[in-house]
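Worksheet: one structure, shown below.
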Amino acid sequence: MDAGSPEQPGVRKLKVRCCVVGGGPAGMMLGYLLGRAGIDVVVLEKHADFFRDFRGDTVHPSTLQVMNELGLIDGFLKLPHQEIQKMDGIFAGRSVRIADLSRLKVKYPFIAMMPQWDFLNFLRESGKRFASLKVLMSTEATDLLRRGDTVTGVRATTPDGPIEIEADLTIACDGRHSTVRERAGFAVEEIGAPMDVLWFRVGRRPDETENLFARVENGKMMVTFDRGDYWQCAYVIAKGQYEAVRARGLPALLDDVLRLAPILKGGIADVKSFDDVKLLTVAINRLSRWSRPGLLCIGDAAHAMSPIGGVGVNLAVQDAVATANILAARLVQGCPSEDELDAVRRRREFPVRVTQRMQVVAQNNIITAALRSGNQGVPFALRLITAMPWLQGLTAHLVGIGVRPEHVHSPAQG
């Protein structure tokens, strides 16, 4: 990578073939793939490390297959994780089965529950063997560089002062609140979601075992994940009701939690205040246009997903694989054309739209019913899936594999 002399005092310059903004699943996977292809690429991550709570800690069979195709799976599965095959729940006192991943005919028929920071750190460490890949932590993109209508890079802040990164192609992977997307003036189509999520953790004793995934009772809904030494909890509330929940007070919230999941009683004292409870605002949206000259948006920057099914991380990884497949060879010569950039949207828009449509159907027919006070019935769709095991395989495919899964075809150099 070439670092030019700054034209203004205190402003450093960096010139690269590709600048990836955002070190989440899409950004780190894309950086790895482009580095593997010998492309001069820098990934910008605004935080100093990856160690923070994420909404997406599920690594699905489609992503495990990608890791296998990259030769990374053995090391990856040595990291601490839990494996989920059957997604069971209690709905109004009745047992339901949402999906059975053991019915999938794939090499890794399970969801790996792993802290997202471990996933991202693994990709960063694995990518260090590529001389063409550089990851800059504590580097936040604040604006775009332009030449006429063409994006030519980004301005960013670092602990050592501002930096300007010139790039033939800038790729926005900076999430649902994307700065790059906003600076580029892309219009976001909001699809809507009827709920938000309160995200917290509760200590788990070694003798506490329970395989339930979702719990619904009398207008309350919660999802729990066994994370080894703690339970990760997602308490679902109606959209815009967070202040009302706070007004009731923490004891009232925790009483509701324990009624839904008595197994949490031993560790519920870990939730000491609302500071231990994070509000995750749920959104479903997408761009109709993903690119402009010199710029491409992928992952949550192009389409925010609902947490239903935990598919967001895996859609982002699939976007990264498709982007590398389509653009890596072309990037060797410089910036791809507008039509070549738009090929990524044409490849990925169909699975995004289908997945979001399925999430909306689940919201309207299951989540909304679950949050309706006094509702005691099991939705027909859940009764049908529970009664017909082959449908559990279908839902497992939609969640674990998804629509139009991607495979690694981008070049590997060296």
Side-chain angles (χ1 to χ4, degrees), residues 17-22 24-27 29-31 33-34 41 43-44 141-155 165-193 282-306 311-331 334-360 402-404 406 410:
R17 185 70 76 190
C18 182
C19 178
V20 176
V21 179
M29 178 58 76
L30 181 58
L33 289 166
L34 295 182
V41 57
V43 179
L44 311 185
T142 58
D143 206 349
L144 297 174
L145 301 176
R146 294 178 173 88
R147 185 174 57 251
D149 292 333
T150 300
V151 173
T152 59
V154 300
R155 291 188 178 92
I165 301 171
E166 296 181 21
D168 293 320
L169 176 62
T170 299
I171 302 182
C173 302
D174 52 341
R176 61 186 57 210
H177 304 296
S178 171
T179 297
V180 173
R181 181 182 69 191
E182 187 271 331
R183 293 293 187 271
F186 286 121
V188 181
E189 177 190 354
E190 295 291 345
I191 298 167
V282 176
I284 302 180
N285 60 44
R286 59 178 176 255
L287 302 179
S288 57
R289 178 184 182 186
W290 293 25
S291 60
R292 56 178 295 178
L295 174 65
L296 173 67
C297 296
I298 66 170
D300 278 2
H303 49 76
M305 314 300 291
S306 164
V311 298
V313 169
N314 304 280
L315 264 291
V317 169
Q318 298 288 297
D319 279 5
V321 173
T323 301
N325 287 345
I326 293 168
L327 300 181
R330 178 63 182 83
L331 269 168
C335 185
S337 68
E338 289 185 65
D339 186 65
E340 288 168 323
L341 293 179
D342 192 53
V344 176
R345 178 196 60 82
R346 295 195 300 270
R347 173 70 187 179
R348 296 300 304 155
E349 188 173 45
F350 175 72
V352 166
R353 284 179 173 270
V354 172
T355 304
Q356 288 182 331
R357 180 58 188 160
M358 290 188 297
Q359 290 185 325
V360 169
V403 180
R404 191 185 283 168
E406 305 290 348
S410 53

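Only a predicted model underlies this, so the values are computations on that prediction, with no experimental measurement involved.
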For [X] and [Y], which heavy atoms make the closest approach, and how far apart are they?
{"X": "Leu44", "Y": "Ala141", "result": "CD1-CB, 4.5 Å"}
{"X": "Thr355", "Y": "Met305", "result": "CG2-CE, 3.6 Å"}
{"X": "Arg181", "Y": "Asn285", "result": "NH1-OD1, 4.4 Å"}
{"X": "Gln356", "Y": "Ala304", "result": "NE2-O, 3.1 Å"}
{"X": "Thr170", "Y": "Gly153", "result": "OG1-CA, 3.5 Å"}
{"X": "Cys297", "Y": "Ala302", "result": "O-CB, 3.6 Å"}

Are any side-chain N or O atoms of [X] and backbone N or O atoms of [Y], one a donor and one an acceptor, separated by less than 3.5 Å?
{"X": "Gln318", "Y": "Glu406", "value": "yes"}
{"X": "Asp174", "Y": "Val180", "value": "yes"}
{"X": "Arg147", "Y": "Thr152", "value": "no"}
{"X": "Asp168", "Y": "Gly334", "value": "no"}
{"X": "Gln359", "Y": "Ser306", "value": "yes"}

Using a 4.5 Å cut-off on heavy atoms from C-beta on, say whether the side chain of [Y] contacts that of [X].
{"X": "Leu287", "Y": "Val188", "answer": "yes"}
{"X": "Arg357", "Y": "Val354", "answer": "no"}
{"X": "Glu338", "Y": "Arg292", "answer": "no"}
{"X": "Leu331", "Y": "Arg17", "answer": "yes"}
{"X": "Ile298", "Y": "Cys173", "answer": "yes"}
{"X": "Trp290", "Y": "Leu295", "answer": "no"}
{"X": "Ile171", "Y": "Cys18", "answer": "yes"}
{"X": "Val154", "Y": "Leu145", "answer": "no"}

Exercise for the section: May I ask you to decide whether Arg286 forms a salt bridge with Glu349, counting only side-chain N to carboxylate O separations under 4.0 Å? Expected result: no
Practice task
Indicate yes or no: does Arg346 engage Asp339 in a salt bridge with an N to O separation below 4.0 Å.
Solution key: yes
To the nearest 0.5 Å, what is the distance between [atom1] on [X] and [atom2] on [Y]?
{"X": "Thr179", "Y": "Leu144", "atom1": "OG1", "atom2": "CG", "value": "9.5 Å"}
{"X": "Arg146", "Y": "Arg183", "atom1": "CZ", "atom2": "CZ", "value": "9.0 Å"}
{"X": "Leu341", "Y": "Ile326", "atom1": "CG", "atom2": "CD1", "value": "10.0 Å"}

Problem - Polar contact flag, side-chain donor to acceptor under 3.5 angstrom, His177-Asp300 - result: no
Exercise for the section: Take His303 and Arg176, measure what side chain to side chain contact (heavy atoms under 4.5 Å, CB included) needs, and give me the verdict at the end. Expected result: CA-CA 7 Å; His303 49 76; Arg176 61 186 57 210; over 6 Å; no
Practice task
Would you please test Leu315 and Val352 for side chain to side chain contact (heavy atoms under 4.5 Å, CB included) and show each step?
Solution key: CA-CA 8 Å; Leu315 264 291; Val352 166; 4.2 Å; yes
Completion exercise
Which of Leu327, Asn325, Leu34, Leu30 passes side chain to side chain contact (heavy atoms under 4.5 Å, CB included) with Ser410? Answer is Asn325
